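The block underneath contains the structure these notes are about, expressed in structure tokens.
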Amino acid sequence: MQNPVDGMPHRRPGSVRRTVTTDMVRPDGLGGKLVLSGNARDLLTRTVGGTPEVVATAATRLEVDYMDGWGIRSLTSEPSRDALKQLVGTAAGSGFRRRMIDVDPGLLDEVSLLHQLLDDVPVATLVSGQAYMAGLVVTDGVDAKFGSRRFRSGRASFGRDMCAGYIDGGTVMTGIDLYGASPLVDVPVAGRLATDDMWAWHELPELPRHAMRRARRIDVVPVDSCSTTVDVYFRDSSVTHEGIETVVHEYEVSMDVEDGEVTSIAATPRVLPWIECPAAAASAGRLLGVPLEGLRAHIRSAFTGVGTCTHLSDTLRSLGDIPELISKALAAPAA
């Protein structure tokens with residue numbers, strides 16, 4: 001499925017827009033460390049044409065030993081959280097989210113922007129392998145259809161049947177079973193994240209070759225004190241050896257919320273790598289009637305298996321922060 005979005009919707013009066021990005025860069029070359037640089041912002045728009053207000057920001061930087069078990073070499077954050085230093089020396093893959101909360105239980109409630117950046121670490125590390133493998137095709141002459149077995153030494157173990165893309169007998173698992181690695185993907189050129197709106201996103205630095213970016217946007221627009229419309233965008237993109245940004249995963253989600261519960265929701269896949277993936281979009285309907293409070297935990301327990309999509313689940317997990325964004329919007333309605 002290849003139908004990438006080009007440009008973002010205009011900000012609406014009385015809305016709060018959350019933008020979150022994680023850049024995945026290998027400054028020392030493909031075999032060197034993986035640097036995850038995260039930035040996030042909440043922006044309040046009172047009126048069309050007026051100057052919006054930045055109501056929250058956060059940033060992270062992690063160095064990951066990608067070729068040796070995904071060990072975290074260093075971790076810094078803004079705002080700073082001393083407890084997070086305990087994550088240095090642990091792995092960026094499976095179990096990272098649980099360890100993050102174990103060492104800093106107040107992270108989710110106190111600084112949700114920072115929590116979102118760290119919540120993206122495991123899957124951002126995983127998907128960075130797309131750029132790694134594409135780079136090997138150019139630099140090492142690896143077969144363009146199936147990646148080298150070298151890739152396996154640097155990645156964590158993700159289970160068969162964990163999602164629609166990894167279904168037993170599907171494209172990915174067949175490649176792994178036959179060749180030791182999943183096939184590479186033909187991906188479309190990325191559309192623009194913004195057009196004429198200088199405030200549409202926080203600052204987005206230019207990505208170097210073989211880098212990737214995970215980008216999220218959530219627009220929250222209260223209709224009244226009880227009802228809210230929500231518009232969500234999610235994308236993983238990768239920069240080719242020629243410097244062209246391409247899309248690996250892309251979703252849009254529209255949702256209505258009333259009295260803290262999901263009353264309507266639709267997920268639209270725009271770009272997904274495997275033919276097995278798009279059918280999982282229907283799993284978003286499982287959230288109808290579900291309270292936003294505790295949504296992350298609900299998705300973690302209920303959205304598993306071949307009827308779901310890892311990247312859609314990650315997109316839906318971020319909706320757990322919507323009550324906070326609603327509160328920010330209602331605290332300063334449009335003039």
Side-chain angles (χ1 to χ4, degrees), residues 1-6 8 18-26 34-40 60 62 64 66 70 92-93 96-97 116-135 147 151 155-156 158 162-166 171-172 182-194 201-202 204-218 232-240 243-253 267-274 276-278 280-281 284 308-319:
M1 173 169 288
Q2 298 188 354
N3 185 25
V5 169
D6 185 28
M8 295 290 107
R18 169 165 290 187
T19 53
V20 181
T21 56
T22 297
D23 292 351
M24 302 154 247
V25 181
R26 292 176 169 84
L34 170 67
V35 177
L36 303 178
S37 298
N39 286 281
T60 54
L62 288 80
V64 177
Y66 184 81
W70 295 7
F96 176 85
R97 289 164 170 164
Q116 179 60 68
L117 287 171
L118 293 170
D119 194 77
D120 273 332
V121 165
V123 181
T125 304
L126 171 67
V127 301
S128 75
Q130 166 71 19
Y132 173 75
M133 283 307 310
F151 182 45
R155 65 174 293 174
F158 281 76
M162 73 170 186
C163 66
Y166 277 71
T171 308
V172 174
S182 62
L184 295 177
V185 186
D186 291 327
V187 290
V189 174
R192 297 164 294 174
L193 286 184
W201 289 81
H202 55 269
L204 300 175
E206 185 175 353
L207 292 173
R209 296 182 305 166
H210 309 308
M212 295 191 68
R213 172 172 288 153
R214 168 161 284 207
R216 301 177 179 275
R217 173 189 56 80
I218 302 177
V232 180
Y233 174 79
F234 168 90
R235 184 175 86 182
D236 287 327
S237 61
S238 180
V239 180
T240 68
I244 300 171
E245 188 174 10
T246 59
V247 182
V248 183
H249 311 107
E250 189 174 79
Y251 272 103
E252 291 181 302
V253 177
T268 303
R270 303 300 297 252
V271 179
L272 290 173
W274 317 115
E276 299 86 2
C277 295
T308 64
C309 169
T310 299
H311 310 290
L312 176 59
S313 295
D314 270 358
T315 303
L316 299 177
R317 282 167 59 84
S318 68
L319 305 183

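Along the sequence shown, residues are numbered consecutively beginning with 1. Just so it is clear, the structure is predicted and the values come from calculations on it, not from any experiment.
Counting only heavy atoms from C-beta outward, the side chains of L204 and L193 approach each other to under 4.5 Å. Looking at P208 and V25, their side chains come closer than 4.5 Å, going by heavy atoms from C-beta outward. Within the 4.5 Å cutoff, the side chain of V253 has no heavy atoms near those of the F234 side chain.
The two residues G129 and Y66 come nearest to each other via the heavy atoms CA-OH, 3.3 Å. Across all non-hydrogen atoms, the minimal contact from A124 to T22 is CB-CG2, 4.2 Å. Smallest separation of non-hydrogen atoms from L312 and A281: CD2-CA, 3.8 Å. Closest of all the heavy-atom pairs between P122 and W70 is O-CZ3, 4.1 Å.
Here the straight-line distance linking atom CG of D23 with atom CG of L207 works out to 5.0 Å at 0.5 Å rounding. From S238, atom OG reaches atom OH of Y132 across 14.0 Å, with rounding to the nearest 0.5 Å. Considering SG of C309 and CH2 of W274, their distance stands at 12.5 Å, rounded to 0.5 Å. With values rounded to the nearest 0.5 angstrom, L34 atom CG is found 5.0 Å from R26 atom CZ. Going from atom CG of L118 over to atom OG1 of T60 covers 5.5 Å, rounded to the nearest 0.5 Å. Between atom CE of residue M24 and atom CG of residue D236 there is a gap of 5.5 Å, rounded to the nearest 0.5 Å.
Every residue was checked against the salt bridge (charged side-chain N to carboxylate O under 4.0 Å, His left out) condition with E276, not counting sequence neighbours, and none meets it. Scored by the salt bridge (charged side-chain N to carboxylate O under 4.0 Å, His left out) test, D119 finds R97, R296, R317 as partners (sequence neighbours excluded). When the salt bridge (charged side-chain N to carboxylate O under 4.0 Å, His left out) test is applied to R270, the partners found at least two apart in sequence or on another chain are E252. For T310, the side-chain contact (heavy atoms from CB on, under 4.5 Å) test picks out V123, M162, C163, with sequence neighbours left out. Evaluation of the side-chain contact (heavy atoms from CB on, under 4.5 Å) rule for S237 yields R213, R235, E245 as partners, not counting sequence neighbours. Scanning for side chain to side chain donor-acceptor pair (under 3.5 Å) contacts around R209 gives H241, with sequence neighbours left out.
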Stepwise side-chain contact (heavy atoms from CB on, under 4.5 Å) check, V248 with M212: CA-CA 9 Å; V248 183; M212 295 191 68; 3.9 Å; yes

Check against side-chain contact (heavy atoms from CB on, under 4.5 Å), L272 and Y251: CA-CA 8 Å; L272 290 173; Y251 272 103; 3.5 Å; yes

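A parallel orientation is assigned to the rings of H249 and H311, their planes being inclined by less than 30° (bins at 30° and 60°).
Checking each of D120, T21, T19 against R216 for a side chain to side chain donor-acceptor pair (under 3.5 Å) leaves exactly one that passes, namely D120.
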